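Numbered from 1 within each chain, the chains take letters A, B, ... in sequence-line order. Model, not experiment: these values are computed from the prediction.
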Protein chains: 2
Amino acid sequence: MSIRRERKDALEHRQLILRTAHDLFSEHGVQPVSMHQIAKTAGIGQATLYRRYAHKGDLCLDMLYDYSHQLMNQINLFLEEHRNEPPAFRLGGIVDHWVDAIEEKADLIIAMESKMSCEDDRGNFFHSPMYRFFRDRMSEILSEMLVSDSQQPIDTDFAAHSIICSMSPIGYFHMKQEKGYTVEQIKLHFRRLFTFYAHPRMAQ
Amino acid sequence: MSIRRERKDALEHRQLILRTAHDLFSEHGVQPVSMHQIAKTAGIGQATLYRRYAHKGDLCLDMLYDYSHQLMNQINLFLEEHRNEPPAFRLGGIVDHWVDAIEEKADLIIAMESKMSCEDDRGNFFHSPMYRFFRDRMSEILSEMLVSDSQQPIDTDFAAHSIICSMSPIGYFHMKQEKGYTVEQIKLHFRRLFTFYAHPRMAQ
DNA sequence: GATTTAAACGGACAATTGTCCGGTAAAGTT
DNA sequence: AACTTTACCGGACAATTGTCCGTTTAAATC
């Protein structure tokens with residue numbers, strides 16, 4: 001009774017699927033390409049595709065895997081380089097990176113998010129390493145900010161989660177299109193809003 | 001050349017659809033009921049249904065119409081009654097009402113939101129009266145809070161929009177299930193987080 | 001009330017998503 | 001190397017979503 005490792009052909013198929021999907025998405029965009037089309041183009045059965053990926057959102061999540069690691073590395077580097085800057089500055093840096101990522105991978109991110117029902121674990125963004133990374137890094141920074149004398153302690157994980165939600169691609173693009181803000185303006189507004197925690201002025 | 005008003009049978013069908021959908025949703029839940037099933041049960045054609053509602057999310061949005069007006073009235077009443085309380089208190093009240101609404105109408109709201117692509121106007125939550133109502137009320141309250149001496153003015157519409165996004169049902173239920181918070185704990189955390197704008201303590 | 005107009009109808013059709021199950025072949029066992 | 005096990009394969013099938021188009025009929029005009 002030993003653990004069977006993944007079959008060689010299964011691994012090849014996974015790579016084939018990712019390559020095929022990438023090519024099709026590049027050529028036609030994300031939304032117009034169907035799962036059937038991906039399977040057919042890759043020359044594999046429908047079920048083989050669905051066995052790997054529960055739905056297109058799940059596939060997109062995996063396609064973002066490399067990019068997300070790249071992004072996490074960039075951010076870690078940024079945080080390392082600016083470790084002596086005030087927390088608000090570092091939080092702002094994360095915001096900037098995140099917004100840039102949305103701009104660059106909008107199609108994939110939206111396709112991913114729009115398929116997420118609440119129940120199913122598989123392909124749920126909130127269970128991805130990227131979500132945890134963002135939440136944990138932000139949570140740490142928020143802790144630094146709030147270490148002081150607040151009589152009402154803020155739950156920093158909760159706050160980080162809220163910040164991530166408020167920077168959802170859907171909401172982001174609504175802001176951009178509806179109000180006509182530029183990318184830089186939105187970044188600025190986010191930075192001001194979130195770093196209000198760090199440099200608050202007494203109101204009223 | 002005059003404007004033709006809506007045909008009588010069209011109106012009847014609209015009401016029939018809403019009633020049928022309500023009954024089916026009550027019996028089986030929202031997600032398992034298909035558009036085909038709704039049309040068939042109502043005794044109308046597929047196209048007749050789709051002509052009214054672009055997709056199930058659009059239908060859900062309309063089903064929330066009455067409830068949303070009720071909710072808006074409740075909140076207006078609340079704001080009226082507590083107009084002399086500090087803005088943070090009033091913002092907190094809105095949060096409470098919103099969370100209660102999510103709890104009560106979760107299925108419909110999630111079905112609605114999960115169908116929203118960015119482009120199509122029809123059935124987009126961000127174009128609904130409810131969104132505008134929440135954004136505008138919150139924006140007003142935030143203005144009161146921030147009227148003071150901030151050298152970096154916060155865009156209150158932007159802030160209100162962000163708050164709405166951070167209270168999205170998907171994010172809310174993730175918090176609730178994953179971290180095991182009770183409804184009241186989440187309300188409290190939201191209140192603290194958002195009203196941090198109003199009673200901030202200097203950090204660092 | 002007959003005629004015209006076009007909004008509305010609905011069933012059939014096309015496309016996409018998601019599942020089943022008999023068969024295949026790779027990994028472990030002797 | 002032959003055998004056993006079982007993860008994996010893939011095409012066919014079922015369900016759901018979304019659209020087309022010839023026909024009907026309510027409403028405006030005469």
*asked:* Suppose we screen for ring-ring contact (aromatic ring centres under 6.0 Å, His included). Which residues come up paired with Phe190(B), at least two apart in sequence or across chains?
replied: Phe158(A), Phe194(B)

_Looking only at the aromatic ring of each residue, does the gap between the centers of Tyr50(A) and His55(A) stay below 6.0 angstrom?_
no

*Set of ring-ring contact (aromatic ring centres under 6.0 Å, His included) partners for Phe133(B), sequence neighbours left out*: none

*His82(B): ring-ring contact (aromatic ring centres under 6.0 Å, His included) partners, not counting sequence neighbours*: Phe78(B), Phe89(B)

*Encode nucleotides 12-21 of chain D as B, S and - characters from 5' to 3', where the letter depends on protein heavy atoms closer than 4.0 Å: B to the base, S only to sugar-phosphate, - to neither.*
B---SBBBB-

*Would you say dC9(C) has OP1 or OP2 under 4.0 Å from some side-chain N or O of Arg52(B)?*
yes

*With sequence neighbours excluded, tell me which residues meet ring-ring contact (aromatic ring centres under 6.0 Å, His included) with Phe25(B).*
none

*Side-chain N or O of Thr48(B) closer than 4.0 Å to phosphate OP1/OP2 of dA8(C)*: no

_I want to confirm an ordering. Mapping Arg7(B) and Gly43(B) to their closest nucleotides on DNA chain C, which one lands closer to the 5' end?_
Arg7(B)

*Any donor-acceptor N or O pair under 3.5 Å, side chains Ser166(B), Ser166(A)*: no

_Atom-to-atom span, NZ of Lys40(A) to P of dC9(D) - whole angstrom_ = 20 Å

_I'd like to know if Arg52(A) pairs up with Asp62(A) as an ion pair, taking the criterion as any Lys NZ or Arg NE/NH1/NH2 lying under 4.0 Å from an Asp or Glu carboxylate oxygen._
no

*Report yes or no: does Gln185(A) contribute a side-chain atom to a donor-acceptor pair with the main-chain N or O of Thr182(A) at less than 3.5 Å?*
yes

*Which parts of residues 9-25 of chain B get close to DNA chain C, meaning a heavy atom less than 4.0 angstrom away?*
Asp9(B), Ala10(B), His13(B)

